[in-house]
Structures are given as C-alpha cells and as structure tokens.
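Below: one structure, written as structure tokens.
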Amino acid sequence: MARSTRSPARLIVALSVAGVLAVFLVYTALTGTTPALQPSNLVGHPGTVSLTGKVVGQVTGDAHNPTGLHFELHNIQGKSPIVPIIYHGSVPDLFESGRDVNVTGELVGGSFVATALTTKCPSKYTAQV
Amino acid sequence: MAELGRAALIVSFVLALYAFVVGSVAARSKRRRLADSARNALIFAFFSTLIAAAILARALVQHNFTFQYVAQHTSRDLSTVYSLTAFWGGEEGSLLLWLLVLTGYAALAVTLNRRLLRDVVTWVVPVMGGIATFFSFMLVAVASPFVTIPRVVDGAGLVPSLQNPYMVAHPPLLYLGYVGLSVPFAFAAGAMLSGQTDERWIVATRRWTLAAWTFLGFGQLLGAHWAYLEVGWGGYYSWDPVEIAALMPWLVATAFLHSVMIQERKGMLRVWNMVLVAFAFNLSLFGTFLTRSGVVNSIHSFAKSSIGAWFLGMVVVSSLFSTALIIWRLPLLRARTKLESALSREAAFLYNNLLFVALCLTLLWGEVFPILTQYVDGYQRTMGRPYFDFFLRIFGLPLLLLMGIGPLVAWRRASGRALLRTLRWPLGASIIAGIALVSIGDGSSRPGLIAYTFSVFALTAIVVELVRGTRATGSLFELIGRNRRRYGGYIVHAAIVLFVIGVVGSSDYSTTRERQLAPGHSMTVDGYTVTYEGLSHSLSNTVSGSSVTTTAKLAVTGRMHLKMGTSSIDSSALGISRMVGVRTDWWRAEDLYAILDSVQGKGPTQTAFIIIEVEPLVNLIWIAGFIFLGGSLVAMWPDAREQRKLATRLSLARA
C-alpha cells in the first residue's frame, strides 16, 4: 500500500476549523439572540423577548379580534409579579388558565404584546396526578 | 406484584454490578472462567429486567391503580394499546425500557461475538455492565416504576393528542436508537482496553450502529409526521432543544458510518472513529440530561426531575473515561496509511465527516448557549430558528453536493480533469434544473434554488453509478445483491435527497392564508378556493367524561374538488385537541392543510377562523422515510461475500 510522508489531512482539518470559526464570527456579528425571561425578570429588557410563565386568572377576549386575547402570566414556580399579556394570532391546543406557556413579543406600556404563543407540549411526563 | 417488580430490578442491579466489577477483574487478570461468569451475569440481567418489564406491562393493561405509575399515566377508558404505550409514557417506565433494551442488546452482542472477538468481548462485558449498573441503580433508588399508592378509582389518563399510532412507535424507536449507540461504544472501549484496536470491532458493530442509526432516524421522522398531523401548526420540526437532542447523536453516527469505511479500507481515521463513537454515545446521554433536567426551555414540558443531575454525572464520567482511553491508546491508534490527495474518495469522506461534526457542534452550541448565558447574564439567551436554519444551510448544502461527488471520485488520487469528466452528467443535469427552476419562478428562495440544483446533482450521480454498475453486471438486482452495503447506502442517499426536496418545498415555497369566515364564505389560497359551509358537532361519552367534536365542513374547488370534514376541535375533560384536515393533490405533489383555529358565536351563523396552508412536496419527506428504511435494510442485510472479503483483508492486515 502506498505511503506518503506528507498528508494534506491536517491542512484540511485546520482549514475546516478556521472556516467554521469564521462562519461563527460572521453569524454572531450579524444576528442576535433572544433573551428568555420569566415575569420576575422581565422589567428592564426592551425589545423582543421570549417570556415563559404560567397562565393565571381569567382568559378574555379573542385572539383574532383587534382587541386581542387577554390573560396574565406569573413565574412557573414561586410567586412573582403578574404580567398582563395581549396576544393576536393562533391559539394553540390546551391553552387555558393554569397552563405553562411561552410568548414572544415586547413590553409596551405595562402590557406584554405577544406575537407568538406556544403551550408547552402535552407531555406524558407529568410530575404528579 | 409491585414487590416482585422491585425485586427483579434489584436482581438486575446486582447482576449488572457483578458484570461490571467481576468482569473488569476477569478481563484484567485474563481469567477466562470468571469472565464467562460476568458475561452470564449480564445475560441474566436481561431476563430479570424482562420480568420487571412484564410486571409493569401487566399492571398497565389491567389498570392496576395501586401502582402510582399506572395511575399517573393511564385511565380506565384508555384502550389496551395506549395503556401499554404508557410503559414509555413516563419517566420511570422509560428508564425501564432503556434498561430492557440495553441489557437485551448487551446479551445479544456479547453472545454473538464471544468467539470472533473473545479478547475484546471480555472488556465489552464490564463496559456494558457499567452502563447497565447506572440505569438499574436509577430504577432501584431514584425513579422506581413500582411505587405503590392506595387504589384510586381512575387514573389521570393520557392527553388525546398523544393517543395516536405515531406515538406508539416514535418513543420506543428513539430508545432503540439511543441505547443502540451503547453497543459500538462498548466495543470501541473494549478494543482499546484490550489493546486489540484493529478493525474487527468495527466489523462486529457495523450492523449494530446501522440499526441504531436507522431507528433514531426513522423514529425522528415519525415524530415529525405526528407533529404535522396532530399538533396543528402546519409544521413538523421546530428546532426545539428536545428535538435537537435526538438529532445530534444521529448526525455523529452518520459521520461514523461513513468514516468506518475509510478505516476498514485504508486503516485511516482510527482515532477519529473512536472519538466519533464515544461522542455519539455521550450525546445520547447528554440529550437525556437536557430533556430531564429542565435546564433549557422546551415546548416539550417534560417535568423537571432529579434524574437530570444523575445523567449529567454519567455524561461527565463517560466523557472522561472515553477521553482518557483514547489518549492512553493513541500509540495503538496510529493510521497505517496517510491521505494522499485532497482530491480523492478518502478526502471526500473526510470533508463529509467534518461537515457532519461541524453541524452537530453548532447545534450543541445552540443547546448549551442558553445555559451558559444563564450563568453570565442571570437569564437565558436563546438561539432561535434563524440560527439553526443558517447553519443547516451552511453545512447541509455542501453535504448534499458531496453526496453526489463522493461516490464518483476515485480512491487515493483523482485528477481535476478526470473528476470533471466523471461529473459531467450530474453537472449538466443540475445546471439545466437550475435554469428550469428560475424560468418557472422558483428562484424566489435562493437557498431553495441551491438545494434543488444540488439535489438534482446528487440524484443524477446516484443514477450514473447505478447505470454504470448495471451495465457491468447486466442486472440492477444482481448489482445491489453483490454489494448490498454500497448500494443500500446509495438508496439511503436517494432518500435523503428526496427528504431535502420535501423540506425545501414545504418550508421555502409554502403559502399560508387565514381568515374568519361566515357560513357560505370563501377564501382563495394558491389556486384553491375553500368555502366554509358550517359546523357539525358530535358528542361521545367515555368512562372519564364526555367529549365534543366540532368539525368545520369545507368545500374545496379550483385545483382540487372535495369536501373536507376532518378539521376539527375535540374538547374533553383532558383539554382541547385540534385535528387538522389534510388533503393531498398527487398531481401537483402538494398538501392542502386546513386548521379550524377557533369558533365564534352560536347557532347556525357561527363563524370560524380557518387557517389554510398549501405545502408543496411535503409528502416526499414521509416517502423518503420508507426509502431510507429500505436502503438501511439492504445495507444491513447479511452479505456472506462481503464478510469473506473483509475477513481475508483483515487476516492479511494482521499478518
């Protein structure tokens, strides 16, 4: 079997690693990430954020009307400030008071205006009966 | 019966621990009888686990609500099939299934290879025993499925959307995949521990790896199809951390399946293969940690549990063990030959591996980034869909191109001119396809256009290879039969190309319209006119309570004439479950996808908010799944000729 003393494998690997790092740098320079918050640490984060919490109290309104769907969130665990949410869009399965949900949007005048709403998947891995 | 289940698990734990400790002593001291007894302990651990599993299955089917697990995951009105699927519906049952598959795999693998690879198997036993010890310990001490409670009248039941045939198969297939990766890992570790680092461990585990990889891939696809049909958001993949956790080991296993061919043929990439196999196994453990610990925010609301920390500990131990072993055995893992040219089949495999691993690492970075920022900023920052889509294109598109180039480039060294001559058909076909796509207006998505032209390139390359081979042998079936591994691989490649075409079509070229409609009113979507005709309601009673199904009647005209009545909302005590209406236009190769989002008002004038999506080529994704399965089976099928050839080559290499 032919043997060679110099292999381009190392050069290929080194160039690949450099290429990947360069792509990473370009990507991170051009785009941002989204803060994933809960109601207790929402204040002081302007712009679009992802907010996860538990739906408390009554759910009113209609997500397809201009006034939107109104509900409130607090932290999934423990007591926290309650954040009023106004949502326009499609309402996922199993959305109701008491559910853990995730909304994406921004804080506008004391209310969180959401453009996306996801209910946590109805997993079978329930913690208790 | 619960006591018997607990006892069976304790026996499994003791036997696994025996296989681990005594197996290590026996392998180190080269005491054959002791090693045989450790191997037998591992085999019997499977049977004791089987007893525990049978007891839990019986309790589930009989709705024995004195088992806390049964009460938490089933109810009286649940059918036998779905009661049985609750076996893997909860954390404790999932762990038991994991242990059952693990000990079953271990028993089979060490039995089948006990003569061919005696020295290596002696060390495989304690490695598999160590992994089984961890899982059986978890079941005995941390998360037992045999906890009993005072009998309750009925159980909590299973949410309607999970009572779906896809959910019967999806989780166990993923487990078969995850756990299956422990077999090549144990043989790799066994090879290093025994110092027998030649290619025999790869030959012995190739089909195990292929099977685990197939289960993992097909299992994920079933999960995607479930999401498409059941969840009702029009998509099938959301780059959720739990989904990515299953994808990462599959990507690394894909790289491994390619690079082992180079090791078998050229004796190269020996360290790299050890790294890949260890990485794939550790990623399967890491995925379980991510899923169970609740450290990352996922739409899959697996309850936070204490087992996450245990799995993190196991990942750390396993990673340190693998790294130390590879470093220790570096002198034995030196390549016999070197890469001769950057333009060769070997180099193409290397590029393929680098791209797969780079893609996996970017996904891993996307997974751990929120955890790291939690420590730095005090809150998590997440990488969204754009991040994952971006890197999928950056690494996925070159992979697609390589899928076409790799099989046609010569081994050892190829000249640019010869390669161009070989690639003239794929190149010509892809250029024509690109021009045709732009001329019919499909140039709106640049990544989509590139993906399509690359797909045509790769498919044409596969066809060229098949035509060339068929000409030589005279028959396509004979050609495939002569080298099942190679042509099974090409079938899998074709499936991946179809999959890509389906994904690109349904994501880059789909159309969505949503509107509130009164009865008799219509909306037009991409050539289809959908008229809302009204609602119908049906009531069904079960032991758990009643359920109302509200169905929107839709009439579709235009490209397709039909009545759709399956877009419905099922509301019961367990919550609301939307069922989407999907109709396939096979001529146009697209789905008309209808979602009844909400209903307003009462009486005959009720309005409905309807979402209509047109999903081009989406069915190619599901068709590709079956082709993928077929190709994998062809590649896995026992091939006496290939085995003989390989055995001769290996004995020559050892001599």
Side-chain angles (χ1 to χ4, degrees), chain A residues 1-13 15-17 19-20 23-24 27-28 30-38 40-42 45 49-50 52 62-65 69 76-77 89-96 99-102 104 118-129, chain B residues 71-73 86 89-91 152 155-156 158-159 161-162 231-233 266 297-305 336-342 347 350-351 354 358 361-362 369-370 373 377-384 386-387 390-391 394 412 514 516 575-578 595 597-598 600 609 611:
Chain A
M1 191 166 286
R3 286 170 186 272
S4 75
T5 49
R6 294 181 64 192
S7 164
R10 282 183 189 172
L11 182 67
I12 291 168
V13 173
L15 286 175
S16 304
V17 171
V20 169
V23 171
F24 257 115
Y27 182 84
T28 47
L30 294 177
T31 61
T33 53
T34 309
L37 307 169
Q38 46 185 346
S40 60
N41 57 1
L42 175 64
H45 287 95
V49 301
S50 164
T52 302
D62 185 336
H64 298 301
N65 278 347
L69 187 76
I76 290 175
Q77 283 168 335
S90 189
V91 181
D93 282 8
L94 302 179
F95 174 80
E96 60 182 1
R99 288 275 174 199
D100 296 346
V101 299
N102 178 267
T104 304
T118 49
T119 310
K120 290 234 178 189
C121 178
S123 169
K124 294 177 275 186
Y125 302 96
T126 47
Q128 60 212 4
V129 179
Chain B
Q72 283 177 340
H73 300 288
E91 186 170 278
V152 291
L158 196 62
V159 287
S161 56
L162 294 173
V231 181
W233 58 284
K266 298 280 178 179
N297 194 15
S298 162
I299 58 165
H300 299 263
S301 60
F302 295 85
K304 284 186 184 180
S305 78
R336 291 201 307 269
T337 54
K338 288 181 177 175
L339 191 65
E340 291 180 43
S341 164
L350 183 61
Y351 303 139
L354 289 169
L361 289 176
T362 53
F369 185 78
T373 52
D377 298 333
Y379 60 90
Q380 294 190 352
R381 300 186 72 88
T382 55
M383 306 283 205
Y387 169 85
F390 175 79
F391 283 106
I394 288 291
R412 287 183 63 186
E514 49 183 50
Q516 185 132 7
I576 290 173
S577 175
R578 277 181 188 77
I595 305 163
D597 191 69
S598 59
Q600 287 82 33
F609 196 90
I611 302 169

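The shown structure was predicted, so the numbers you read here are calculated from the model rather than taken from an experiment.
For T373(B), no part sits under 4.5 Å from any heavy atom of chain A, backbone or side chain. In this structure, the portion of I611(B) lying under 4.5 Å from any heavy atom of chain A is its side chain and not its backbone.
Contact detail for T33(A) and T382(B): the closest heavy-atom pair is CB-O, 3.4 Å. The shortest non-hydrogen separation linking Y379(B) to P35(A) is CE1-CB, 3.5 Å.
The residue among I394(B), D377(B), L354(B) with the most heavy atom pairs within less than 4.5 Å of chain A is L354(B).
In this structure, F609(B) and H64(A) have parallel ring planes: the angle between them is below the 30° cut-off, well short of the 60° mark.
In this view, D62(A) and Q600(B) satisfy the side-chain hydrogen bond (donor to acceptor under 3.5 Å, both in side chains) rule, not counting sequence neighbours. Remark: L42(A) engages L37(A), V49(A), L51(A), V83(A), L107(A), F112(A) in a side-chain contact (heavy atoms from CB on, under 4.5 Å) (not counting sequence neighbours).
For the atom pair Q380(B) CD and N41(A) CG, the distance stands at 10.0 Å (nearest 0.5 Å).
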